Amino acid sequence: MQARKKYLLLAFLASWLFLLLLLLGDRLRRSAFMSQPRAVSPRSWPRWADRSLLGSFAAPQELQDLGTPSPPSPQLNASSRCRMENCFDLGRCRRHGFKVFTYPRQRGQPVSDSYGKILASLERSRYHTRRPEEACVFVLPFDTLDRDRLSARYVPGLGQQLGASPLWNGGRNHLVFNLYSGTWPHYGPELGFDVGQAMLAKASFDAESFRPGFDVSIPLFPRDHPQWGGQEGRLRRGAVPPRKKYLLAFKGKRYLTGIGSGTRNALHHIHNGKDIVSLTTCKHGKDWEKHKDARCDKDNADYEKFDYQELLHNSTFCIVPRGRRLGSFRFLEALQAACIPVLLSDGWELPFSEVIDWSKAAVVGSERLLLQIPSAVRCIHPERVLALQQQTQFLWDAYFSSVDKIVHTTLEIIKDRLLPHRSRPRFLWNEPPGGLLALPDFSTHIGDFPFYYLQHGSSPSEKFTALIRVVSPLSQPVLRLIQAVSRSQYCAQILVLWSCEEPPPPLEKWPQITVPLSVIEGRREPSDRFFPYAAIRTDAVLSLDEDSSLSTSEVDFAFVVWRSFPERIVGFLASSHFWDTEQQRWGYTSRWTNELSIVLTAAAFYHRYYHSLFTGYLPAGLRELAGGLAACEDILMNVLVAAVTKLPPIKVTQRKQHKEAVPQQQVKGTAPSSSRGFSQQQDCLNQLAEWFGYMPLVSSQLRLDPVLFKDQVSILRKKYRHLERP
């Protein structure tokens, strides 16, 4: 009996062992099959097989068209692993600072308009040097923007020319600009020559070939993109845009075959003709009729019913799909028009993504989820929409409105990499006025800049430094001015900038005052007063000429006003600019009128940061221009502050000792007779406007007097309540 039980137990165990072997064998066969490499067929957007998901939008076979070629994978090489630590000679930058050398241009070397603008911006930059031994970064004279072999602007033989250059050194410390790479059919990242260890400032950068912390992704800009200045955005600063007619819009060409065709061919699915307008045309290129599909005729007819500019400026969101390459001109066009970009370009390394937070200005979508875009943008709260629109305007004005800003943003990003401990925090790049105007050499702490006090919840120091420029021997008016200023309860110290040919008098000749008095030897140049002297330790600077006549109470009141507006110039002597229709140029007048746009620094408060900005941001050529024209340094400082803040200066009350006679009659739009004598000031204004690319000065009718200023009384009791800035 027990032997029978043993046989049954053995049979039971054998059957379980057999089943276990069957299961393990099946799993081993499956794992062996799955481990074998399989060819993956190229897939275009989107690949849905369930007809019920599509509804009436399209047939499944239309969205599963596999005719789009798959781009080749980028090949890894030594340069693809480049970083600043292993492919950049940091020692060159430590010896002479951050200097940029552009190769001398060769005769007969073709250069496109766009590349000419880049070279011009570099040569006019404060970082430019003519000596290659001082250079930290080198830029080629050869036009590398268009590297499409089928393009008429393609420059052949770059590899041989670079190999013959003694400065090339395998591309080390070089910066190569590029807008178009690759060619038909894949439009890949290749440039037609070995960039070696050179940094790439490239448009349509894909994330796979982008080298973080080494390359710079730049926007694709058109040939007619402004060299300097650029046009303003459509949305004024702080303004609330009106409700726009269209929620979401796109108007552009679609590709019938080739890379990029899948995304644009699917855009018609979201068009409803009401608040969503998505129009495409296949009518482009020489042989479009050979490849036209069943939708072409209808699409072309609908395409002509809408104007592109009207759609752009009357839409809240603008679709920015990829083209043949990842980037497109539509990206900058949408930013300028305050139309929030909806990006449909998978794998695109967005322009200046190292420093710009694009989640604050754009909606990054997926090419495979196009049908979800309408519902996604409808869910965005109106307050969020307004914030996105305002950020598009800031980014456009700060970094993209001109070739010069694109070039200098690229340079500043590279410069920040060289000294990470002194680089700008990301906040400075994404808040007005932006990273280009927040110099890390001054500070990397946001609370030290005058335009961030409100965001930081701080305020400027409660004392000021008086800087008095003296150009003649010591006189009684200067001594009286020193005594009046020193009696101010807010005065911390007085610095005398001695710009006289005679040596300064000994200390016993100066008045005995209760605050420290120091004498600084100047270079006898008008712009000396704007040098960032280390002796200035207060936030506020009271700039004075030797012939200024102010009382202590006037100084106290002006300082109290300045502490409420620390980002502006606050002073006593005002003048203004105007457009002279007769001369077709800018004019200058110092008449006592309701309009003012300039406060002379002969008697004015401003933040000491503007000394650093004047000396460290403005190119030397611009400062030399200001030094060669009468009172031009005053105008230049006002232009600089207005370009940073987009705000006018503030005039405070003063005894009117030298009021000019008011003319009896003046034709509107013509220059006053007395203003025609300000020839050098007018020349200064016009040359500065040409240099900046626009006129930064902002006019105002605001003058602040002590009577009822900041008093806790009803606003209805103030006669000119609309002139006060809230």
Side-chain angles (χ1 to χ4, degrees), residues 74-75 77-82 84 86-89 92-93 96 99-125 127-184 186-205 209-211 214-218 220-221 223 227 325 403 406-407 410-411 414:
Q75 299 296 320
N77 49 46
S79 65
S80 66
R81 294 186 292 271
C82 271
M84 299 297 287
N86 61 345
C87 291
F88 193 90
D89 184 5
R92 297 191 64 96
C93 308
H96 301 286
K99 300 290 185 181
V100 180
F101 175 78
T102 55
Y103 283 62
R105 304 190 198 183
Q106 301 178 2
R107 287 187 178 182
Q109 184 71 39
V111 173
S112 64
D113 292 342
S114 296
Y115 198 64
K117 292 177 182 178
I118 290 176
L119 294 178
S121 294
L122 291 169
E123 292 167 358
R124 204 180 75 160
S125 168
Y127 298 126
H128 184 255
T129 179
R130 298 182 182 275
R131 304 176 60 184
E133 62 271 16
E134 294 180 354
C136 170
V137 175
F138 298 83
V139 177
L140 302 174
F142 317 115
D143 191 343
T144 56
L145 292 186
D146 194 342
R147 302 306 297 162
D148 187 341
R149 294 180 182 274
L150 301 179
S151 173
R153 294 182 295 274
Y154 177 81
V155 180
L158 280 188
Q160 297 177 355
Q161 298 182 61
L162 292 175
S165 172
L167 298 176
W168 176 242
N169 191 25
R172 201 171 184 85
N173 285 59
H174 279 67
L175 177 63
V176 176
F177 287 88
N178 175 255
L179 296 182
Y180 307 97
S181 64
T183 188
W184 174 270
H186 302 302
Y187 296 94
E190 63 275 0
L191 300 181
F193 67 97
D194 185 11
V195 298
Q197 297 180 345
M199 298 175 290
L200 288 179
K202 183 176 178 297
S204 303
F205 235 132
S209 60
F210 179 76
R211 297 169 292 184
F214 192 73
D215 293 327
V216 180
S217 178
I218 64 174
L220 182 65
F221 58 88
R223 274 186 239 171
Q227 171 76 76
R325 298 173 179 87
V403 176
I406 294 173
V407 169
T410 302
L411 295 182
I414 296 173

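Just so we're clear, the structure is a prediction, and the values are computed from it rather than from any experiment.
In this structure, the separation between CD1 on Ile414 and CG on Leu175 is 4.5 Å, given to the nearest 0.5 Å. Between the NE2 atom in His96 and the CD atom in Glu133 there is a gap of 7.0 Å [rounded to 0.5 Å]. Taking OH from Tyr154 and CG from Leu191, the interatomic distance works out to 9.0 Å, rounded to the nearest 0.5 Å.
Across every non-hydrogen atom of Leu162 and Trp168, the tightest pair is O-CB, 3.3 Å. Taking all atoms of both residues into account, the shortest heavy-atom contact from Leu167 to Pro132 is CD1-CB, 4.2 Å. Shortest non-hydrogen contact noted between Tyr127 and Leu411 is CD1-CD1, 4.1 Å. Closest approach of Leu179 and Phe221 over heavy atoms only: CD2-CE2, 3.8 Å. Minimum heavy-atom separation, Ser217 to Phe210: N-CE1, 3.9 Å.
Using a distance-only test at 3.5 Å, with no hydrogens or angles considered, a donor-acceptor pair links the side chain of Gln227 to the main chain of Lys117. Of the possible polar contacts, none joining the Thr129 side chain to the Phe101 backbone as a donor-acceptor pair under 3.5 Å is found. Listed for the Asn173 side chain is a donor-acceptor partner under 3.5 Å among the backbone atoms of Asp89. Asp148 places no side-chain N or O within donor-acceptor distance of the main-chain N or O of Thr183, the cut-off being under 3.5 Å. Between the Arg147 side chain and the Val155 main chain, a donor and an acceptor come within less than 3.5 Å of each other. The backbone N or O of Leu200 sits less than 3.5 Å from a side-chain atom of Asp215, completing a donor-acceptor pair.
Between Lys202 and the options Val216, Asn178, Leu145, a side-chain contact (heavy atoms from CB on, under 4.5 Å) holds for only Asn178. Each of Ser181, Ser112, Ser151, Ser114 was checked for a side-chain hydrogen bond (donor to acceptor under 3.5 Å, both in side chains) with Asp146, and the lone residue meeting it is Ser151.
Taking the six-membered ring where tryptophan is involved, the planes of His174 and Phe138 are essentially parallel, since the angle between them stays under 30° and well short of 60°. Relative ring orientation between Tyr187 and Trp184 is described as perpendicular, the plane-to-plane angle rising above 60° on a 0-90° scale split at 30° and 60°.
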